[in-house]
A.B. asks: 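Could you have a look at this structure, given as structure tokens, before my questions?
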Amino acid sequence: MKKILLLLLCTFLIISCNDSNSINIIRSPGFTTEVGVSIDSDSLFIELCNNKEELISPSPVILFLNGEILKWSLISEKSFEKKDIISMPYGEFQSVSQEYKEAIFNLSCRTKSGQTYPAELFVRAYSEGMAYRMVLNNLPKDSRLLERSEWIPANPGGKCLVPNGERMPIGPSPISELKSRYTTPIIYGMDNCNLSFHEADLHNYPQLFLSKGAEGKSIKMVQDEAVCEGTVYLPWRVVFTGKSIADLYNQKSIYLSLNEAPQGDFSWVKAGISMWDWRVKGCTFDGFTYGMNNESLKRFIDFCAEMGLDYFLLDAEWYEKHNPLKPVEGLDIKEVISYGNQKNVGTLLYYDMKYSDKDCPVIDFDTVASTYAGYGAKGVKFGFLGAFGPKYTLQEKTQKTEELIRIASKYKLLIDFHDNPIPFSGLERTYPNYINREYCHAQLDRREAFSPEEFVKIACINLLAGQMDQTNGTFALNDMKSRLKGPRNEYNSTVASETARFFITHTGHLSVLIDAPEAYNAKSDLFAFIRSLPVTWDETRYLEMDFDSHVAVIRRKGEDWFSGVVYNEKGGKHRMELDFLEPDVKYEATIFSDSPSTHYIKNKEAYLVKKEIVQSDKVLETTVAPGGGYTIIFRKQN
């Protein structure tokens, strides 16, 4: 009898959240998430429920092939439960498992003019989210594929939080006020629930953009047209659900499960913390002026070696104007890199294509990578892809970026992309040498300092896509504006907040420090926090991500916990519950905070370092200055 009932249950899984009888339902393990797939009048729809609440109403999957909209019919469907165990050499989630229910729908799609093609729809239901992707087969050469699918929130009265490139994120705004297409992820907040919309496993396809749909009640995909043939895998469309923005962040490992495991040996990949020369050039400390010469660069390396930092990033202007393979006069790059390698400090070299013009053709990146690896370099910071040299469509930029990652891996080089990079989320699983990207407003980018408000908002939106190279951690705040490459606007922050910003964006990939060795030595008791940070993490929890106030993050390495909190210009009194600590165990908490007199404009560099003994039943209250923040190290007591 039990077998008969089970067979009936499997056969009649065509009920929806609303008990309709026309929808195939994919339920996550634990049945918290239900994803509905239906075909009505040759149109394909996806819907989402979580905890029996409809979050996304039936939303059309709309594809145009060579200008004709595709019509759909279902051939067969199968489903099964899966568990993906993910091991990463670095990052926030070094060892995680993702359980999900996956359904594969065999479809037939046809155009108005009568062409028919086999297709598949893959759908995954996770405990707090879903993902789906289309696969089209047997497409003729030079087929043009355009996507205009939509997500229709069940509650049209929610508000959007939207990334804004290298500017202040937008929102909260109703869908109807979205004025153009935006990069992802976009967060949509409803009563007691938030949704995030993004993509994963992006290959040979244009980057996802979103805009408002019809009547401002839906979120529409407005991707550029893709040119394709044969079998075409569209990226996964990913939706996280959560009561808070922090809940969305705690689902980020799903991105990893949507990308393939690596092929080949990446044991040489090492994440870490790097010093950086760009904002220190021309600065004088105790009679020494930093410049583009061996002595200056070796001072950075000496500091890295002394502090146990892993890398030194040498930025632009180290090679001749029209030849990225020839160092400028007075710089022996091989000697500098060798000096660092002897001290266990790897060198990362900047490269972009500004050197190229009609008289200077672009050098093949394979030649560049092999040359830099031959110098002994450990990685490349790649800038302005597509802005100088060859121009690319968005599909071509996706292809080129992946090609560069592969070439870098061939020569055992890390790669960090800057200047409007493609936001590949989870791709570091497939290519562990894809170590970071500047998918944000980096500190002092365009020589413009961002505000406390902007940091909080960027952390709440851009960081949801994954790692970002934001170059936080300025310690000489009072002097930064006077520097040769300092900000043109006011740099308003607190030094304790700078330390917390660095921690929050130190996701266990590549994190870059912006200031001079002398600035950190002058506040060595505060720098002890950054110096103590592990390279990678065993566990990360996003506690609070408040777009209009503050962010709070904790991470664990072994038995030690680290925390960071940053507020916007309002400041506040933060209460941190310590229930993440082991019960009935005493911990020494070293707290790096603003002082009572700290202010992000009037008194930026005042801070306190203190210690106290705490346990898991304690609530730690910390006063945060306007524009301020704090960090804590929790260590078990013997």
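One is the number of the first residue; the rest follow in order along the sequence.
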A.B. asks: Using the ring of F580 (Phe, Tyr or Trp, six-membered ring only), decide whether R541 places NZ or CZ under 6.0 Å from its centre and within 45 degrees of its axis.
C.D. replies: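 No - R541 does not lie over the ring of F580 by the 6.0 Å and 45° rule.
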A.B. asks: So H574 and H550, would you call those rings parallel, tilted or perpendicular, with 30° and 60° as cut-offs?
C.D. replies: perpendicular
A.B. asks: So with a 6.0 Å cut-off around CD of E260, is the heavy-atom count from everything else above 12?
C.D. replies: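 12 or below, so no.
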A.B. asks: Applying ring pair (Phe, Tyr, Trp, His ring centres under 6.0 Å), which residue pairs with at least one partner in residues 444-473 are found, sequence neighbours left out?
C.D. replies: H441-F450
A.B. asks: So does R167 pair up with E454, basic N to acidic O under 4.0 Å?
C.D. replies: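 Not counted as a salt bridge, because no side-chain N and carboxylate O are separated by less than 4.0 Å.
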A.B. asks: With a distance cut-off below 6.0 Å to the six-membered ring centre and an angular limit of 45° from the axis, does K397 pair with Y392 as a cation-pi contact?
C.D. replies: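 Judged by the rule, K397 and Y392 form no cation-pi pair.
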A.B. asks: Would you compute the distance between atom OH of Y372 and atom CG of L348 and round it to the nearest 0.5 angstrom?
C.D. replies: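 It is 12.5 Å, given to the nearest 0.5 Å.
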A.B. asks: Please identify each residue that fulfils salt bridge (Lys or Arg N to Asp or Glu O under 4.0 Å) with E518, with sequence neighbours left out.
C.D. replies: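 Here the qualifying residues are R299.
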A.B. asks: Using the ring of each side chain (for Trp, its six-membered ring), is Y542 parallel, tilted or perpendicular to Y249, with breaks at 30° and 60°?
C.D. replies: tilted
A.B. asks: Determine the sole option in N436, I435, L510 for which the side-chain contact (heavy atoms from CB on, under 4.5 Å) test with L414 is passed.
C.D. replies: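 By the side-chain contact (heavy atoms from CB on, under 4.5 Å) criterion, L414 pairs with just one of N436, I435, L510: I435.
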A.B. asks: Is the gap between the ring centers of W236 and Y126 under 6.0 Å?
C.D. replies: no
A.B. asks: Heavy-atom count around D366 CG within 6.0 Å, excluding the residue itself: above 12?
C.D. replies: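 Buried by this count: over 12 neighbours within 6.0 Å.
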A.B. asks: Counting C-beta onward and ignoring hydrogens, is there a side-chain heavy-atom pair between R531 and L533 closer than 4.5 Å?
C.D. replies: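 A side-chain contact is absent here, since even the closest heavy-atom pair is not under 4.5 Å.
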A.B. asks: Ignoring hydrogens and geometry, is there a side-chain-to-backbone donor-acceptor pair from R447 to G486 under 3.5 Å?
C.D. replies: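 Answer holds: yes.
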A.B. asks: Nearest 0.5 Å, what's the CD1-CH2 distance between I633 and W561?
C.D. replies: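 Rounded to the nearest 0.5 Å, the CD1-CH2 separation comes out at 14.5 Å.
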A.B. asks: Using only atom types and a distance under 3.5 Å, with no angle test, would you say the side chain of S524 pairs donor to acceptor with the backbone of Y520?
C.D. replies: no
A.B. asks: Let me confirm one number: the CZ-OG1 distance from R279 to T471, rounded to the nearest 0.5 Å.
C.D. replies: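 Reported to 0.5 Å precision, the distance equals 7.5 Å.
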A.B. asks: Output, in order, the C-alpha distance, side-chain angles, deciding distance and verdict of side-chain contact (heavy atoms from CB on, under 4.5 Å) for Y311 and T347.
C.D. replies: CA-CA 6 Å; Y311 295 106; T347 300; over 6 Å; no
A.B. asks: Over 60° means perpendicular and under 30° means parallel, so tell me whether Y355 and Y351 are parallel, tilted or perpendicular.
C.D. replies: tilted
A.B. asks: Return the CZ to CG distance between F527 and N521, rounded to the nearest 0.5 Å.
C.D. replies: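 Reported value, rounded in 0.5 Å steps: 8.0 Å.
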A.B. asks: Can you measure from CG (L208) to CD (Q223) and round to the nearest 0.5 angstrom?
C.D. replies: 5.0 Å
A.B. asks: Quick check: Y233 with H203 (ring centres under 6.0 Å apart)?
C.D. replies: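 Ring centres of Y233 and H203 not closer than 6.0 Å.
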A.B. asks: Does the ring center of F312 lie less than 6.0 Å from the ring center of F300?
C.D. replies: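 Yes: the rings meet the under 6.0 Å criterion.
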A.B. asks: Are the aromatic rings of H198 and Y255 close, with centres under 6.0 Å apart?
C.D. replies: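 H198 vs Y255: aromatic centres under 6.0 Å.
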A.B. asks: Side chain of N259, backbone of S425: donor and acceptor closer than 3.5 Å?
C.D. replies: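 It does hold such a pair.
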A.B. asks: Sort out for me which residue in I405, D419, D352, L404 forms a side-chain contact (heavy atoms from CB on, under 4.5 Å) with F382.
C.D. replies: L404
A.B. asks: How long is the straight-line distance from CD1 of I254 back to CE of M130, given to the nearest 0.5 Å?
C.D. replies: 11.5 Å
